[in-house]
Amino acid sequence: MASIQQSNTLKLPNGTPESQCKVVTAPTIAKSLLAEVAKDLALLEYKPKLVGILANEDEHAKTYAEYSAKTCKENGFDFDLRIVSKADIEESIFAANTDKSVHGIIVYYPIFPSPRQDQYIQQLVALEKDVEGLSHKYIFNMYQNIRFLDVPMCGQKSILPCTPLAVVKILEYLQVYNTIMPYGNRLFGKTITVINRSEVVGRPLAALLANDGAKVYSVDLDGVQIFTRGRGLKKHKHEVTVTDMKLEDCLPLSDVVISGVPSKSYKVDVSKLRDGAICVNFSSDKNLEAAAVKEHASIYVPTIGKVTIAVLLRNLLRLCHNRDMRESYKHIARQARRSIDVCALHGVRIEAAESIVEKLTTAGYLSASDESAVPAVAVTPTVSEQTAEDKEETQRSTAQLEALWKQLPELTIKEQTGKQEELDKLLLALDESFKRKNGTSA
Ligand SMILES: NC(=O)C1=CN([C@@H]2O[C@H](COP(=O)(O)OP(=O)(O)OC[C@H]3O[C@@H](n4cnc5c(N)ncnc54)[C@H](O)[C@@H]3O)[C@@H](O)[C@H]2O)C=CC1
Ligand SMILES: Nc1nc(=O)c2c([nH]1)NC[C@@H]1CN(c3ccc(C(=O)N[C@@H](CCC(=O)O)C(=O)O)cc3)C=[N+]21
């Protein structure tokens, strides 16, 4: 039987093949992400500031630093580059950690010859300012598929590393993520090969994709591992199994092939690709030959750098959002504690406020030993009874307070903030009425 050569081309009338492959470039995808960033930035009441710390002469790091400076400024963010010596790196991080005007910190790597020493430096950046998500807590959350920092409040999102997240955003843009599926399972049914299993990009990327429901072939020099979400309802995080497969076994099975091999001579054997596959290269070297990949792929993304920087800004906004959430929740926590205490003085319990305090304590906004906001007052009334009028007012206020706390959990954080003045007024009225009842004066 004559072999029919299958390729992703149509013959034009003049006989030259026309590729059906669509090349989607990083700037196009970055643009759509930056438009979202601009929308979110407009909602902020301050200008976020990113501090870059450069303590090396690495050309890639320098380029990346210049590039992040440019993108920040073009998109309405403050950027402050601090060039320091290796000996001063720790001090420089501590200074940025405690500086209230700084919202995010990026330290450019590599700094020291030993990766272990760089990892030590990575853990010095404050969790609240770690824009690349390199802190252990963020890495733990990523691998464990924990998406929030403050369960059960779920107001602060965990931070994901920029390059793996950039690949996820690219696949979302290309609609590989199926938005009809529930969030967290939108890659269900997809098979994806990732060539590179470094701790910086390849392994976190494979885990992220598996946590979203994909079957991932993670390929490195030591072989192929399969990352999946695991079966059964309880398996919320990815599972890894070792196989004796080779890259060429994975390619024909894959809907998406993502390559990041840092070598000029390395090329993916595109003849093994499934027709219509989606191909992404994140290596600074071209792991896929453009002309050849277009013969088979439906979509080809040749670089991702611009998307990575857009994600950096997105992460910075997320840090700002998290900071604002912490402030709001802390305020709500203080008000809830005070409401409970003030009402207790009047012999009334507010269960809705108690349940919020419990949740906020679990989420880490309040420690169980936190002092009550209400100053200790003699609980036994010393003087006379309240007047009937006063009693009535007290009852009205406690009832209003109770109603307000019942409502609060259903409101958005903005709406909750809007209720805070009302809360303060009620609390003040009850304070006053208690003082009158006890004959103490302010
Ligand atoms: N555009 C962007 O946003 C970024 C791009 N990169 C680029 O991605 C590439 C990889 O970066 P890293 O993961 O940090 O490098 P790395 O050197 O830490 O890791 C490379 C990994 O690829 C593996 N590898 C080497 N040859 C292979 C082969 N033939 N088949 C399968 N695996 C092989 C290595 O064993 C290693 O695990 C670099 O070119 C880097 O410049 C990295 C970070 C950001
Ligand atoms: N803490 C830290 N995080 C990093 O992410 C980090 C780092 N340190 N140190 C240095 C490396 C290098 N790196 C690059 C990212 C994008 C391009 C990039 O945008 N490349 C262009 C191609 C180059 C060009 O257009 O000239 C692209 O992919 O479109 C390059 C290099 C991030 N790094």
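The basis for the numbers below is simple: all heavy atoms, side chains too, and nothing from hydrogens, waters or symmetry mates. Start at 1 and go down the list; that is how both ligands and their atoms are numbered.
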*Protein contact of atom 42 (C) of ligand 1 - nearest heavy atom, named by residue and atom, plus distance*: Val201 CG2, 4.2 Å
*Of Gly223, Pro161, Ser283, Gly305, which has the heavy atom at the shortest distance from atom 1 (N) of ligand 1?*
Gly305
*atom 4 (C) of ligand 2: the protein heavy-atom neighbour that sits closest, reported with distance to 0.1 Å*: Tyr64 CE2, 3.3 Å
*Run the numbers for me: atoms of ligand 2, each under 4.0 Å from some heavy atom of Tyr67, listed by number.*
19 (O)
*Could you tell me which atoms of ligand 1, counted from 1 in the order shown, lie closer than 4.0 angstrom to a heavy atom of Ile195?*
30 (N), 31 (C)
*Give the numbers and elements of all ligand 1 atoms closer than 4.0 Å to a heavy atom of Ile304.*
1 (N)
*Which option out of Thr163, Asp220, Val194 puts a heavy atom nearest to atom 23 (C) of ligand 1?*
Asp220
*asked:* Counting non-hydrogen protein atoms only, what is the nearest one to atom 25 (C) of ligand 1? Give residue, atom name and distance.
replied: Val261 CG1, 3.9 Å
_Please list the nearest protein heavy atom to atom 29 (O) of ligand 2 with its residue and the distance rounded to 0.1 Å._
Thr303 OG1, 3.4 Å
*Would you indicate which of Ser265, Ser198, Ser259, Ser284 comes nearest to atom 16 (P) of ligand 1 when only heavy atoms are counted?*
Ser198
*Pro262 heavy atoms, cut-off 4.0 Å: which ligand 1 atoms fall inside?*
17 (O), 20 (C), 22 (O), 38 (C), 39 (O)
*Which ligand 1 atoms are under 4.0 Å away from a heavy-atom of Gly260?*
9 (C), 10 (C)
_Tell me whether Glu74 at atom CD has more than 12 heavy atoms from other residues, nucleotides or ligands lying less than 6.0 Å away._
yes
*asked:* Any donor-acceptor pair under 3.5 Å linking the side-chain atoms of Thr25 with those of Thr28?
replied: yes
_Tell me if the CD atom of Glu248 is crowded by more than 12 foreign heavy atoms within 6.0 Å._
yes
*asked:* Tell me whether Lys169 is salt-bridged to Glu172, with the criterion being a basic N under 4.0 Å from an acidic carboxylate O.
replied: yes
*Taking 4.0 angstrom as the limit, do Arg82 and Asp80 come out as a salt bridge?*
yes
*Under a 4.0 Å N-O cut-off, is there an ion pair linking Lys237 with Asp212?*
no
*asked:* Hydrogens and angles aside, do Gln335 and Asp424 bring a side-chain donor and acceptor to less than 3.5 Å of each other?
replied: yes
_Tell me the contacting part of Val107 for ligand 2: side chain, backbone, both, or neither, using a 4.0 Å heavy-atom threshold, strictly below._
backbone
*Among Val167, Val268, Ile309, Asn196, whose heavy atom sits nearest atom 11 (O) of ligand 1?*
Asn196
*For ligand 2, indicate whether the residue Tyr109 contacts it via side chain, backbone, both or neither (heavy-atom separation under 4.0 Å).*
both
*When you measure from atom 28 (C) of ligand 1 to each heavy atom in Leu221, Val219, Asn287, Val200, which option holds the nearest one?*
Leu221
_Arg203 charged N/C atom sitting above Tyr143 aromatic ring, 6.0 Å / 45°_ = yes
_N/O separation below 3.5 Å, Pro110 to ligand 2_ = no
*Indicate yes or no: does Asp285 engage Lys264 in a salt bridge with an N to O separation below 4.0 Å.*
yes
*Salt bridge flag under 4.0 Å for residues Arg197 and Asp222*: yes
*Establish, for the pair Arg229 and Phe188, whether the NZ or CZ atom is under 6.0 angstrom from the six-membered ring centre and no further than 45 degrees off its axis.*
no
*Are any of the side-chain nitrogens in Arg326 or Asp150 under 4.0 Å away from the carboxylate oxygens of its partner?*
no
*asked:* Please list, in number order, the atoms of ligand 1 under 4.0 Å from a heavy atom of Thr308.
replied: 2 (C), 3 (O)
*asked:* When you measure from the heavy atoms of Ala61 to every atom of ligand 2, does any distance fall below 4.0 Å?
replied: yes
_Protein non-hydrogen atoms only, distance under 4.0 Å: does atom 6 (C) of ligand 2 have such a neighbour?_
yes
*Could you establish whether Ser263 and ligand 1 come within less than 4.0 Å of each other, counting only heavy atoms on the residue side?*
no
*Answer with yes or no after comparing the ring centroid distance for His60 and Tyr108 against a 6.0 Å cut-off, counting only values under it.*
no
_Please list the nearest protein heavy atom to atom 28 (O) of ligand 2 with its residue and the distance rounded to 0.1 Å._
Gly305 N, 3.0 Å
*More than 12 non-hydrogen atoms from neighbouring residues, nucleotides or ligands closer than 6.0 Å to NZ on Lys49, yes or no?*
yes
*With atoms numbered from 1 as shown, which atoms in ligand 1 lie under 4.0 angstrom from a non-hydrogen atom of Phe282?*
1 (N), 5 (C), 6 (N), 7 (C), 8 (O)
*Residue and atom name of the nearest protein heavy atom (relative to atom 29 (N) of ligand 1), distance in Å to one decimal*: Tyr266 CE1, 3.3 Å
_Evaluate Glu132 for polar contact with ligand 2, using N/O atom pairs at a separation under 3.5 Å._
yes
_Presence of salt bridge, Asp269 and Lys272, under 4.0 angstrom_ = yes
*Hey, is atom 25 (O) of ligand 2 touched by any protein heavy atom at less than 4.0 Å?*
no
